[in-house]
Amino acid sequence: QACTYPCQCPSQPLQCPAGTSQVLDACGCCKVCARQLGELCSLQKPCDHHKGLYCDFSKIHRGSGICLAHEGATCDLLGKIYHNGESFQPTCKLQCICMDGAIGCIPLCSDDLRLPSPECPNPRRVKFRNKCCEEWICEEGGEENRFETAMAVFREDPARKPELNNLQENCLVQTTEWSACSKSCGMGISARVTNDNPQCRLEKETRLCMVRPCDFPMEKTK
């Protein structure tokens, strides 16, 4: 197809499958979902060059081609051979690609963290039978369990004070704000996520909190 300028691209945001790049069409106008190994391609539907693929027009006529991989090393995963540029899913949680002997994967399940809140004081991830990815559910936890979790923050544990290692020295410390108190009155817990530890690993910390005593008379003003 002839290119027309100025460019006219779809107004809707582009939704590509996991592991699929967004590339410019032959006119240099619009981003399209790149074609993968073995798929039909054209100038308007280019192959994924990030994975070493190119559009071979010699096998199919009428301006169409097929995406092939440049010569590269194959990948061996648990005894199964994958070609250079080939996408595959070893599990339902991973989308992988063979790139010249190396395997790169992206997760298909979100690894989000959920902090306790008044609406969901005790979030927990569970595995459902017919679903691949774990999902968050909210359940009511006992007051005693919550108190024990909160008090763990204030315990001194000499065993968890190793010398500063290289991992900690090179760690980019990230710490979220403390969450809202789990109770609007009386003793509750507040949580945050931080990697400020020797392993540089994201962990959830909790602390005791109290917005006001429950027998506190509510003012009509503030």
Side-chain angles (χ1 to χ4, degrees), residues 1-114 125-136 165-167 170-172 174 193 195 199-203:
Q1 297 173 2
C3 299
T4 56
Y5 298 99
C7 297
Q8 292 183 339
C9 301
S11 56
Q12 293 85 9
L14 194 59
Q15 298 288 337
C16 298
T20 300
S21 305
Q22 296 183 10
V23 295
L24 284 173
D25 58 21
C27 297
C29 276
C30 308
K31 284 195 172 182
V32 294
C33 297
R35 298 291 165 158
Q36 304 302 305
L37 186 70
E39 292 182 347
L40 293 177
C41 53
S42 67
L43 290 175
Q44 298 303 322
K45 297 174 181 177
C47 301
D48 198 336
H49 60 87
H50 298 111
K51 298 175 182 176
L53 303 182
Y54 68 98
C55 195
D56 186 345
F57 293 98
S58 64
K59 295 177 175 60
I60 301 178
H61 300 291
R62 296 184 183 175
S64 292
I66 189 167
C67 286
L68 298 179
H70 292 291
E71 287 300 315
T74 58
C75 302
D76 184 348
L77 180 64
L78 302 176
K80 189 168 182 181
I81 303 298
Y82 297 95
H83 296 289
N84 180 36
E86 184 176 355
S87 295
F88 58 96
Q89 272 187 252
T91 72
C92 63
K93 294 184 177 182
L94 289 175
Q95 177 76 42
C96 301
I97 175 78
C98 173
M99 299 181 72
D100 198 15
I103 297 176
C105 300
I106 60 169
L108 297 176
C109 298
S110 68
D111 196 22
D112 60 325
L113 293 158
R114 182 163 184 175
R125 290 186 86 130
V126 295
K127 177 79 173 73
F128 292 99
R129 179 182 292 180
N130 298 324
K131 294 186 177 179
C132 174
C133 302
E134 295 177 333
E135 295 184 8
W136 286 103
N165 54 31
N166 290 337
L167 187 63
N170 298 325
C171 183
L172 179 62
Q174 300 178 74
V193 176
N195 64 346
Q199 292 78 32
C200 192
R201 186 173 57 223
L202 282 174
E203 292 180 340

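- Considering only residues two or more places apart in sequence or on other chains, C105 meets the side-chain contact (heavy atoms from CB on, under 4.5 Å) condition with L94, C96, I103.
- Disulfide criterion (SG-SG under 2.5 Å) for C47 and C55: not met.
- Under a cut-off of 6.0 angstrom, the local environment of NZ in K80 is sparse, with at most 12 non-hydrogen atoms contributed by other residues, nucleotides or ligands.
- The heavy-atom pair separating Q89 from L108 by the smallest distance is NE2-CD1, 3.3 Å.
- We find the CG-OG distance between L43 and S64 to be 9.5 Å, quoted to the nearest 0.5 Å.
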Just distance, no hydrogens or angles: give the donor-acceptor pairs under 3.5 Å from side chains in residues 24-32, sequence neighbours left out.
from: D25; atom 1: OD1; to: C27; atom 2: N; distance (Å): 3.2
from: D25; atom 1: OD1; to: G28; atom 2: N; distance (Å): 3.0
from: D25; atom 1: OD1; to: C29; atom 2: N; distance (Å): 3.0
from: D25; atom 1: OD2; to: C30; atom 2: N; distance (Å): 3.4

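- Per the SG-SG cut-off, C92 and C132 are bridged by a disulfide [distance under 2.5 Å].
- A donor-acceptor pair is defined here as one N or O able to donate and one able to accept, closer than 3.5 Å; such a pair exists between the side chain of Q36 and the backbone of A34.
- The shortest side-chain heavy-atom distance between C200 and N195 falls under the 4.5 Å cut-off.
- With 2.5 angstrom as the limit on SG-SG distance, C133 and C109 come in below it.
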Donor-acceptor pairs under 3.5 Å, side chain of residues 14-23 to any protein atom, not counting sequence neighbours: which ones?
from: T20; atom 1: OG1; to: P17; atom 2: O; distance (Å): 3.4
from: S21; atom 1: OG; to: D48; atom 2: OD1; distance (Å): 3.2
from: S21; atom 1: OG; to: D48; atom 2: OD2; distance (Å): 3.0
from: S21; atom 1: OG; to: H50; atom 2: ND1; distance (Å): 3.3

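- Heavy atoms only, all atoms of each residue included: L37 and L53 are closest at N-CD1, 3.5 Å.
- Not counting sequence neighbours, E39 has no partner by the salt bridge (Lys or Arg N to Asp or Glu O under 4.0 Å) test.
- In this structure, the side-chain contact (heavy atoms from CB on, under 4.5 Å) partners of I97, at least two apart in sequence or on a different chain, are K51, S87, M99.
- Remark: K131 pairs with E135 by the salt bridge (Lys or Arg N to Asp or Glu O under 4.0 Å) rule, at least two apart or across chains.
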